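Keep in mind it's a predicted model, so treat the numbers as computed, not measured. Chain A is the first sequence line, chain B the second, and so forth, proteins listed ahead of strands; every chain is numbered from 1.
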Amino acid sequence: MSDVLAAYDRFLGEALPEDYAARVDHYRHDDHLRTEFQVASFEAGWLVPDWEPGLGGQGLSSGDALAVRVEGARRRVPKIHNVQGVGVVAPGLRRFGTPAQQDRLLRPVLRGDEWWALGMSEPGSGSDLASLRTQARREGDVFVVNGSKIWTTQARESRWATLYVRTDPDAARPHAGISCLILDLRSPGVDVRPIPRAAQSVDAFCEVFLDDVRIPADNLLGPLNGGWRVASESLEHERDMIWVNNWVEIAQAVEPALRRPDLGDDALTELGRILADAEAVRFTGLRTVFGRLSGRDPDEFFILKLLGSEAAQRATRFAMESTGVDGLLDAQLMEDRVESLGATIYGGTSEVQRNIIGERVLGLPRDR
Amino acid sequence: MSDVLAAYDRFLGEALPEDYAARVDHYRHDDHLRTEFQVASFEAGWLVPDWEPGLGGQGLSSGDALAVRVEGARRRVPKIHNVQGVGVVAPGLRRFGTPAQQDRLLRPVLRGDEWWALGMSEPGSGSDLASLRTQARREGDVFVVNGSKIWTTQARESRWATLYVRTDPDAARPHAGISCLILDLRSPGVDVRPIPRAAQSVDAFCEVFLDDVRIPADNLLGPLNGGWRVASESLEHERDMIWVNNWVEIAQAVEPALRRPDLGDDALTELGRILADAEAVRFTGLRTVFGRLSGRDPDEFFILKLLGSEAAQRATRFAMESTGVDGLLDAQLMEDRVESLGATIYGGTSEVQRNIIGERVLGLPRDR
Amino acid sequence: MSAVSTTTASRVHTDPSRWRDLVDSDERAEFAASVRAHLGARFGPDAARACFDAAQPAEAWREIAAADYPVIGLPEAMGGAGSIVDAVAMVEAAGPALVPLPLVSTVTAWQTVAHAGRPSEGRAYEVSSERRAALAVVDGTDELVVLDGALADEVVLVDVRGAAVRVSVADVSDAVTAVHRHVDPGRPTAVLDRTRLSETVLADGRTDVDAVLAPARTVLAADLTGVGATALDRAVRHALEREQFGKRIGAFQGIKHRLADVYVAVERARSLTRAAAVALASDGTSDLSAAELALLAKAAATDAAVDSTRAYVQVLGAMGMTFEADAHLYFRRAQQTAPFLGSAADCYRAAALVRREDHR
Amino acid sequence: MSAVSTTTASRVHTDPSRWRDLVDSDERAEFAASVRAHLGARFGPDAARACFDAAQPAEAWREIAAADYPVIGLPEAMGGAGSIVDAVAMVEAAGPALVPLPLVSTVTAWQTVAHAGRPSEGRAYEVSSERRAALAVVDGTDELVVLDGALADEVVLVDVRGAAVRVSVADVSDAVTAVHRHVDPGRPTAVLDRTRLSETVLADGRTDVDAVLAPARTVLAADLTGVGATALDRAVRHALEREQFGKRIGAFQGIKHRLADVYVAVERARSLTRAAAVALASDGTSDLSAAELALLAKAAATDAAVDSTRAYVQVLGAMGMTFEADAHLYFRRAQQTAPFLGSAADCYRAAALVRREDHR
């Protein structure tokens, strides 16, 4: 075991209850523990280990940081509440924020004191950011914003949102006229309405209506009309988190089956197929990490979302179907099953992923 | 058992060797028996039972004729050599031929004395008849034809071909300018070249090159520029044959597995899935037959090619894979496996079938 | 012996005229249309959604009883009329309505009774449309997991005792120990304590459990086919309306081909389900081949329903993941029904075993 | 115990630095490119096609021996250099060339020997590139069905005797009783009569047959991955050239999405194959987890190769069904190799069993 992992192990020993491993299913959803653990990780430099001290890190190499992340996922450390805050917003602030923005906002988002929502999708635009229609009109020191956002998770519980708006309706290419504003969700004219989910135990989506909302011009994040870059570079930081989580999720979903001695040959074959998916996600993820370290931009990165999400869905199906009618008596199985249907939709549907692979990786002609 | 089937049973008892059922794999490929059996079927009115006496039939109802066909397929009567002659050309001649054409050509094709090839596909045109480029120029009493055909099975062994040619290059819609000519394959300017198949035991495809070939104008089949209708109505006659054969093929491919007591659960599940495909082909086929009898034009007809061909391919895969390394010792298994790859290509690829279902049945928008 | 043996026993299957009932007569088609209209207007997705917050609308059973749906397809001796083909047409037509009452479970229970013995043995068991029933397969424990058992008045038990299969009936009264509503609250799963049941034996001594369960499997297959067909319909409708990247999404082959495959799955299920029903109806009792067809039908319909409802969610995109969208209601119904009387894999496998047996 | 247990034994797997060899060093990438260029120029589809009418070009083994491919990745004590990761890179790079000589079988045989015992037990067994070998798994009969055994000089036998696994080697001399060339004449199947073999035992007493077969499975997985990747490449090239309905066919999502799925299958196989090789290389001998990875790799690569070559035929259309098209050659190679050391389903199932054992 490397020194870094040994140190992380010691940290976990202190930050988590002694019986954490044994009662992980209980503790992982303990809100108080989740809050405390995030703060402790931030203070001790394990939250974003490759960042600098004071920002939740300790300046580890990206390889070591990944090892910590994988180990944390494997040991199922308490979930970060406002995961998009740490995973997407913080990197965006760190990369594009002004000193004043960073001073005010970075610590609270990393500690979990202030939550953030992502204001990207709009009704009718799906995941096609370039087609967004929410308008921001400059009036002196403020942007006046009108429009609406949808699928905005945790907008009710959040203090802030990164709001992508059209600031130049006449830009030559549609994605060139987009900017990112920091929206205080308490501003007048903001109306947040929840959209309950099919899986009832999961956080609601929200719709966010914006009616003449005035946002100080100082709250522009990144360059004017540079929102496309802000979005893509912010999201990039999450890329390893996604496959690491997929790997763990798939393994967790089939874990009960590994405890059953009565599984038939059929089910064992399907279980093996899912194990192959999980391990393929892990090793393909690692290939992309080592590939980037050696200066390549690895094509195989583009399979991770498609393979990982389809496998996650397959795993929840297996978990439910391999238990027969008894599977109907366990509410969590069905919640996981329903929620997993979204895996192949959120963040780019499987159809979009296949287009991306076909066009960007294989070089096949576009057809739109 | 119905009277008709009892009579057919008596016919088979006379026309086939006594040990036919026991040695069917041997007899089915006995060329001499195949020739004899076709003639006997023709003479006794069992070849096309719903046609009139003298043309291979005995005026049965279409329901009874289907029963005979299914029974024949189930008992694996000897294969017709030039199956497209009986299944496609003869119905076309009967529907569109002049009395002189019928007099000269119908008996020989039904008896198997003269074989026919179908000159439809062209290099580059795939199964898209409307795009064909072979030209026929009228010069007095003859058409002068230039162009080429491809994928023309049995062109070497055939005396005749139905040749689809462009007779009106200026027609408003491309398929409106096509005619069907009866080509004597011995005519000067006809050059037939075989294209060996990947499955080596299967008849070669041919390419047919046509260089200033002169075809008597009397050999026009159907109306001038009416070739599209000749093609589609000729092919229609085959439609029930295709699913009946698919049903039998699938059942045959998995038959050896039914004799193995050691099949694992995995293989049994896959076997059950293939049985379901086979029975679904049969019962969907019957639904279309009864549907047409009650005056409908059944939508479910359009699944037969896709389901049947994919299942046939799946069945040969199962036959090979369920026998493990021993499957490599049986040459016929691999021949069937290779040839079955064509099932999802010939007569409209699976991709084209999915378009047809999506557009014609489900009413989804075209996109070409 | 060849797969396509020439014995008279199997030849009867290849005479197509036996299968004429695969296609609805005008009369049956009209009946199915009336069921679809009636139940669709009376229930439907909103009624199903309401069950998340409130109990099943038990009082509405009156209307179902008044239409005599529960006894359609039962022999006259049991108070019914028509054949199981009618019952199957009715159940399939009920699919879009997501009926939040134990209609399908009642039909599975009574159809099992109707086919459980030879007619000559007499089944002096009369049912009435007022009574709601459910079916339980006993698998060795006293805890019976029963589809849609929460509102059942009676339960029909199929008990595999070594080589013999016994069919009995009992009042449910206070035998329900738990009701699980989380998968599909319009069709919950009940757990019954068998020791609290007082059973009356209706048939005993048949040896083939797949033959005994064939009618119930066929009815569940019809239900799943109806759910799958409805989800496909609605997915197609959405694909015709929704535009992305400047086109109606149904024009993209990614969507079009997936929906085409779902159509194949639904028609495959429908053909097998009808064939199983016709085989049952024409035999009076279920013979081995009806058992095989019922297994294939249940397997195919499970595949079709799960795949079609999943595709419905996928075609809707994020909207499909919301509570207000109907997609999850159909998906839940498919998931709830799928595992009963054997998963798809179980049924395919069992059918292969039946065929192999038959083949010897 | 949780699936993600916290024992040190499993933790070692999660330290990513252990897996750095998943990505080729510049040196290994250059080596693979040189193998691809050399064998591609020397053999390729035409050489494979020639085997339908003539024997395998046995004399060309000289060139393979001269390049020392057969011993790459063997320990120095056996006359080799590098690790099994190099062997895997070489075998995968040989994929496009459809080498009509027993290169892969030789590598599977020697790699099995190299990993069969603990290093301390010493394996004073030296091999040379001149000798061609094959691998046989003994399953109870004396008839050994051997991949690419027609030209083999020696055969390595893995014999499962109750709980113990014995690895031995024998001269093939006149033990070949039949050669089946119909699936892939460039890599035929030979049947050997074991009673004619005089075996020398190399290792005895190991108990886990999946651990003993892990190197060979990993090598076959590399071969299948190479074949799958090549077929994908060529299908893509065709989809970029061929036009139908006025468009390049690769623009249709029906084709594009299918090829995207094949790409996923190929990369899935590649990742697992590399991981299995790295696990084997870093352990010296194969431990249980390498056994699991090798099973997963063989399964995934079989799926990828069969699916990719089938898609290659489909994308070509009728042209793909001709003898002159190369598609069937790659399909044949995939089919020929697929069943050895367990079908995809067998290997998935065995991997699940290994994981379950590990999990206790």
- [ ] Would you please test D:His182 and B:Gln200 for side chain to side chain contact (heavy atoms under 4.5 Å, CB included) and show each step?
- [x] CA-CA 10 Å; D:His182 57 267; B:Gln200 302 193 287; over 6 Å; no
Open item on the list: One pair to check against side chain to side chain contact (heavy atoms under 4.5 Å, CB included): B:Glu351 and D:Ile249. What are the steps and the verdict?
Closed with: CA-CA 11 Å; B:Glu351 289 76 23; D:Ile249 62 171; over 6 Å; no
Open item on the list: Quick one, D:Leu147 with B:Leu328, criterion side chain to side chain contact (heavy atoms under 4.5 Å, CB included). Give me CA distance, side-chain angles, the key distance, then yes/no.
Closed with: CA-CA 10 Å; D:Leu147 178 63; B:Leu328 303 175; 5.8 Å; no
Open item on the list: Apply side chain to side chain contact (heavy atoms under 4.5 Å, CB included) to residues D:Met319 and B:Phe205 and explain how you reach the verdict.
Closed with: CA-CA 10 Å; D:Met319 184 66 72; B:Phe205 295 120; over 6 Å; no
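Contact tally against chain B (heavy-atom pairs below 4.5 Å) for D:His328, D:Glu243, D:Met321: the top residue is D:Met321. Taking chain B as the reference chain and counting heavy-atom pairs below 4.5 Å, the highest number among D:Leu329, D:Leu316, D:Val313 is found for D:Val313. Heavy-atom pairs under 4.5 Å with chain B peak, among D:Ser343, D:Gly254, D:Ala318, D:Ala344, at D:Ala318. Contacts with chain D were tallied for B:Met320, B:Arg337, B:Glu321, B:Glu339; B:Arg337 has the most, counting heavy-atom pairs under 4.5 Å.
Taking CZ of B:Arg197 as the reference point, atom CD of D:Glu324 lies at 14.0 Å (rounded to 0.5 Å). Rounding to the nearest 0.5 Å places CE of B:Met334 at 8.0 Å from CD of D:Gln336. Remark: B:Asp266 CG to D:Tyr348 OH distance equals 12.0 Å, nearest 0.5 Å.
B:Arg354 does not touch chain D: none of its heavy atoms, backbone or side chain, sits under 4.5 Å away. Only the side chain of D:Arg349 comes within contact range of chain B, with at least one heavy atom under 4.5 Å from a heavy atom of that chain. Proximity to chain B (any heavy atom under 4.5 Å) is restricted, for D:Val145, to the side chain, taken from C-beta onward. Both the backbone and the side chain of B:Leu329 come within less than 4.5 Å of a heavy atom in chain D. Both the backbone and the side chain of D:Thr322 come within less than 4.5 Å of a heavy atom of chain B. With a 4.5 Å cut-off on non-hydrogen atoms, B:Gln313 touches chain D through its side chain but not through its backbone. Only the side chain of B:Asp326 comes within contact range of chain D, with at least one heavy atom under 4.5 Å from a heavy atom of that chain.
In this structure, B:Asp367 and D:Lys247 approach most closely via the heavy-atom pair O-NZ, 3.9 Å.
For the pair D:Val306/B:Arg317, a side-chain contact is recorded, criterion being any heavy-atom separation below 4.5 Å from C-beta on.
A donor atom on one side chain and an acceptor atom on the other are found under 3.5 Å apart for D:Gln314 and B:Thr344.
Remark: B:Glu310 CD is packed, more than 12 non-hydrogen atoms of other residues, nucleotides or ligands lying under 6.0 Å away.
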